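Heads up, the thing below is written out as structure tokens.
This chain uses plain numbering: 1 for the first residue, then up along the sequence. Remember, it's a predicted structure, so these values are computed and weren't measured experimentally. Side chains included, hydrogens not; waters and symmetry mates left out as well; all remaining heavy atoms used.
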Amino acid sequence: MSKIRMAGSVWWSIISLVFIICTTPVWSVSVMSVDLGTEWMKVAIVSPGVPMEIALNKESKRKTPVAIAFRDGERTFGEDALTVGVRFPKLCYTHFLELLGKQIDHPLVEVFKKRFPYYDIVASPDRGTVVFQHDSETQFTPEELLAMLLQKAREFAQNSAVEKINDAVIVVPGYFNQAERRAVLQAAELSGLKYVMFYDMGAASTTATVVSFQVVKTKEKGVVESNPQLSIIGVGYDRTLGGLEKQMRLRDHLGKKFNEMKKTPNDVFQNPRAMAKLFKEAGRVKNVLSANADHFAQIEGLLDDKDFKVQVTREEFENMCDDLFERVKAPIDQALKTSGLSMDLISQVILVGAGTRVPKVQEKLTEKVAMELSKNLNTDEAAVMGAVYRAADLSNGFKVKKFLTKDAVLFPIQVIFDREADGGVKQVKRMLFGQMNPYPQKKILTFNKYQTDFSFHVNYAELDYLNPNEIRSVGLLNLSQVDLSGVAEAHELHKSGNAESKGIKAHFNLDESGVLSLSSVELVVEKTLTDEEAADGEESPFSKLGSTISKLFSGPEDALKNNLDEKPVKEEPEKAGEAGEKKEQSEGEEVKQSSEEHQTKEKSTEEQKKNATGKEGEKKKPKVVTVKEAIKYSEKLLGINPLGENEMQESLKKITSLDEHDARKRAREGAMNALESAVIDAKVKLEEDAYNQAATQQESEAILALCAKIFDWLDEEGYSAEAGDFESRLAELKQLTKAVWRRVKEHEERPDALAALESTLTHSNNFLATIKNMTANQTEADETPVFTPVEISLLEKTISDTQEWKSKMTEEQNKLKSSDNPKLTITSIVEKINNVEREVKYLVNKIKIWRPKKKETPKDTKNTTSSTDQKLKKDGPSKEKAKEEKVIEQPSEEVNKEEVNREEESLNAAESEEGTKTKSQQPEEPIAEAEIPEVVEPKVEPSKTDEEKAKHTEL
């Protein structure tokens, strides 16, 4: 039995909303997620070698205020923007997420104007949506502001991942309608994000979601797996119940308290700057009262330079928000109603969201659910961490535990069209996606009665389960109008006697974002083929092979489409009592799953196979094929249209211009800081003894004069200079100080370098003495020495020359002044150290691979010949033949002891020559023992020449 959980108050329902496949190359592996709230924004990342973690902002904080400010041509975000907003509230934009996809006369827009009266909000002339009038020349749409914020979120993520990121999962409210979802999509497109997935979010709203967790079996690539699955079965929400409303009431309470103090004749509510200060302080006090019984609100210079300080108790705060706390229970009732469950079946209530920290909220929830609340999740970061897990799951660069989600439709969608009936025209309604239907999903609507062009509308269905205020908040219920053309012509093309029309089929797709689209419209006709037509239409084996190969190279979009078509989601049957609709259903129009055609094709194929395997003599059944004729259609979105192509280009140009200005600003500030630091550093260093002694009088005067000149230039022209001006002066200063700074570095590092050289020479001398003793002992024992005299003498000469060079250069350097250019440089010392170490390393490697030769007593000719014959048999007839030819060409002769001695001397000479090779020709690393062949002295064989003996020795 599945476990059912319901999250109370600000619980984010795990409803995925959109996934866009990128058509451009993506070179990064890391992915990110953004929990985009009304007040705060959290960003999380997953990158190679780094688990899921929160991306910190520039202040090293885990969340960033949703605020953007524009002042004096500068754009700021987060805390910096709020600082600007306290003094200039009109220039700082906050809480604009709830304005996405809404017309100027929307109820929530009116509420926004009342809360923040200092914004100049006008209507878009083309779309009728909200536009912020920043100044006489500049306007900003909510989509543009959101795109800027998403760009900043990606900047935080890229700084944490240290690589470029294009893939993101964005968290937004699950109750967003079609217009709001499209607005977020376009904002993501403007920000440059390629992959996008939406998740439900609640910052200034409250959502209660009933979900079920269970383990289900899925089949992928022929393998059955058991994976956990989360299904949404009930949702209830209140889009205006949240921390923002409480903060607004506390702000008004503080304003009234200030007016009652009579510190100034002016009304604080008439001053936008004072109201912005009160709003910020109300937010701080609200958070403190969640953990304390009382706290002081205090603001310096609130109005007319008058300070304000007043004590606020938790009891006062709860009394002013008493009606809001009573609304906490309503989303729970709504979620239970839509799920068809009772509270007895709920096993756990999980709290998510910062608003649930308020003690009064928890008290009301406990009264309602009659069980202990689960507080085991991080209420601030739960949504963004879940979203980044989903991002890693969607990415090809990571492998995570499979976690399936079944999303649900909150607002049912239906199709309305007119039909001619007895006595006139009748309006017919067909439910396309009912409430709580799962998605993503495709459905097909079939029109059987139409022979000419017609139109139909796509609307939200009856929303009687919502209160009137919420219905007004949803916005316009009419979504789109679709006009079909060319219907009569399509029917005329297939009007033969052996063709039967199966109706006009409209294919609808509700994608992962919950955005509805009409993918295609077509006329479906079944034709009965004659024997000649069937023979002509039979697919050849080569054609079948080509089709199979083409399927192997199908793109990801085709694979996704095929998977959706082959995996239908069963639709719940319509409720009884709708006799009129059922009657119309029987007359022809019907809604089917997108996989019905696939199942029909399989059934037709099976029938054809049965017909093909019939008994001989029995008449074959005629072959039936399905023909599809595309129907032209035009879809007109009703209500709020998305940004047009020209508007998108203008917005993109505006954002790009701001980005370039910010980049120039950062470059200028960086160059100015670098120049100021270099000037101050130069002046401070010249006051130190080490730098003062290393510079001549002329150099010191030139450096100080240039520093003074740069300081004067910074005071007079620095504020208007570009980054290139700072960089050119910095390069001039570095060129002037380069020689002096180098001398100081040489003087400081020379003692350590000389000590390292002396240590190298000492160890090399010890090594030289050791190998000399070893060579003498091997010579006395009549053994072949490891090292040749040439190698030993070369090392000895290198050490001796280095010691002489060190003594000579040290003496010359000591005669120089600190301000003279050094003769004994660090580079030359390091070079000498490398020369000595290279010689020693060569000899060390040689002794590692050395294998002494084994001396064997000469064997008689008979035994030698016998062993040679055995080896020849082992080597095969080809080698034996080659050796016989050599024996024929060179007559054998007796080898005496003196010849053997001469051969040994020649081998030793060859080894001596090999030892005098350059280091580039010698192996630097020791060779494994298994790879070194055993060296054997030559054997005396009367029938072998000197050349053959040498070859035998090598073998």
Side-chain angles (χ1 to χ4, degrees), residues 34-43 57 59 61 63-71 74-102 106 108-122 130-135 138-153 156 171-173 180 183-184 187 191 201-205 239-240 242-252 254-255 271-287 299 354-355 380 658:
V34 184
D35 180 8
L36 196 61
T38 302
E39 296 184 62
W40 299 95
M41 175 183 68
K42 278 83 68 178
V43 182
N57 58 20
E59 292 89 9
K61 295 183 179 180
K63 61 181 181 178
T64 305
V66 176
I68 306 176
F70 304 88
R71 181 172 179 265
E74 306 295 336
R75 181 177 59 168
T76 54
F77 296 85
E79 297 288 352
D80 295 339
L82 291 181
T83 303
V84 174
V86 171
R87 297 181 58 195
F88 309 97
K90 182 182 177 181
L91 305 181
C92 179
Y93 299 99
T94 62
H95 304 87
F96 51 81
L97 184 65
E98 57 192 50
L99 300 180
L100 288 170
K102 293 180 177 62
H106 194 280
L108 292 181
V109 177
E110 298 298 330
V111 174
F112 185 88
K113 290 181 178 180
K114 184 178 179 181
R115 288 175 173 174
F116 309 104
Y118 36 79
Y119 292 128
D120 186 6
I121 297 178
V122 298
V130 174
V131 174
F132 290 101
Q133 188 69 45
H134 184 71
D135 53 37
T138 309
Q139 292 181 340
F140 293 108
T141 64
E143 289 88 348
E144 292 171 346
L145 296 175
L146 179 57
M148 298 176 196
L149 202 63
L150 292 176
Q151 282 185 335
K152 200 64 179 179
F156 295 155
V171 181
V172 297
E180 292 167 327
V184 178
S191 68
M201 177 281 305
S205 60
R239 68 171 70 217
T240 60
L244 177 60
E245 181 62 27
K246 301 181 183 70
Q247 184 173 346
M248 298 301 299
R249 295 194 179 189
L250 184 56
R251 180 201 68 174
D252 296 341
L254 296 179
N271 190 300
R273 180 179 296 184
M275 292 302 294
K277 293 180 180 180
L278 286 174
F279 180 76
K280 183 178 181 180
E281 181 65 11
R284 186 187 70 84
V285 174
K286 180 194 68 174
N287 295 333
I299 303 173
D380 274 332
L658 290 170

- Item | Residues, nucleotides or ligands: over 12 heavy atoms within 6.0 Å of Lys113 NZ |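 Result for NZ/Lys113: enclosed.
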Closest approach of [X] to [Y] (non-hydrogen atoms, all atoms of both residues):
{"X": "Val66", "Y": "Gly37", "value": "CG2-O, 3.4 Å"}
{"X": "Glu143", "Y": "Leu100", "value": "N-CD2, 3.9 Å"}
{"X": "Arg251", "Y": "Ala282", "value": "N-CB, 3.7 Å"}
{"X": "Gln133", "Y": "Lys90", "value": "O-CE, 4.1 Å"}

- Are side-chain heavy atoms of Leu36 and Val184 found at a separation under 4.5 Å?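 Not in contact.
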Euclidean distance, [Y] [atom2] relative to [X] [atom1], rounded to 0.5 Å:
{"X": "Asn57", "Y": "Phe156", "atom1": "CG", "atom2": "CZ", "result": "5.0 Å"}
{"X": "Met148", "Y": "Ile68", "atom1": "CE", "atom2": "CD1", "result": "6.0 Å"}
{"X": "Glu74", "Y": "Leu658", "atom1": "CD", "atom2": "CG", "result": "10.5 Å"}
{"X": "Arg71", "Y": "His134", "atom1": "CZ", "atom2": "NE2", "result": "11.0 Å"}
{"X": "Glu110", "Y": "Ile121", "atom1": "CD", "atom2": "CD1", "result": "9.0 Å"}
{"X": "Leu244", "Y": "Lys286", "atom1": "CG", "atom2": "NZ", "result": "7.5 Å"}

- Message: Going by salt bridge (charged side-chain N to carboxylate O under 4.0 Å, His left out), name the residues that satisfy it together with Lys277, two or more places apart in sequence or in a different chain.
- Response: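 By the salt bridge (charged side-chain N to carboxylate O under 4.0 Å, His left out) rule, Lys277 matches no residue at all.
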- Task: Could you pull out all residues at least two apart from Lys152 that satisfy salt bridge (charged side-chain N to carboxylate O under 4.0 Å, His left out)?
- Result: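 Lys152 satisfies salt bridge (charged side-chain N to carboxylate O under 4.0 Å, His left out) with Glu155 once adjacent residues are dropped.
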Side-chain ion pair, [X] and [Y], N-O less than 4.0 Å:
{"X": "Glu180", "Y": "Lys102", "answer": "yes"}
{"X": "Arg284", "Y": "Glu281", "answer": "yes"}
{"X": "Arg115", "Y": "Glu245", "answer": "yes"}

- Message: Ring-plane angle category for Phe70 and Phe140, please: parallel below 30°, perpendicular beyond 60°, tilted otherwise.
- Response: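 Plane angle under 30°, so parallel.
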- Query: With under 30° as parallel and over 60° as perpendicular, where do the rings of Phe279 and His95 fit, or are they tilted in between?
  - Reply: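 Ring orientation of Phe279 relative to His95: perpendicular.
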Per-pair distances, 0.1 Å, donor-acceptor, side chain in residues 77-87, under 3.5 Å, sequence neighbours excluded:
{"unit_1": "Asp80", "atom_1": "OD2", "unit_2": "Lys58", "atom_2": "NZ", "d": "2.6"}
{"unit_1": "Thr83", "atom_1": "OG1", "unit_2": "Glu79", "atom_2": "O", "d": "3.0"}

- Task: Just do the side-chain contact (heavy atoms from CB on, under 4.5 Å) check on Leu278 and Met275 with the steps written out, would you?
- Result: CA-CA 5 Å; Leu278 286 174; Met275 292 302 294; 4.1 Å; yes
- Taking the six-membered ring for Trp, is the centroid-to-centroid distance between Phe112 and Phe96 below 6.0 Å?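 No; Phe96 has its ring centre 6.0 Å or more from that of Phe112.
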- Query: Counting distance only, does the side-chain N/O of Tyr119 pair as donor-acceptor with the main-chain N or O of Cys92 below 3.5 Å?
  - Reply: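 The answer is yes, because a donor-acceptor pair under 3.5 Å joins these two groups.
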- Message: Tell me which one of Phe88, Phe116, Tyr118, Phe132 satisfies ring-ring contact (aromatic ring centres under 6.0 Å, His included) with Tyr93.
- Response: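 Answer to the ring-ring contact (aromatic ring centres under 6.0 Å, His included) test with Tyr93 among Phe88, Phe116, Tyr118, Phe132: Phe132.
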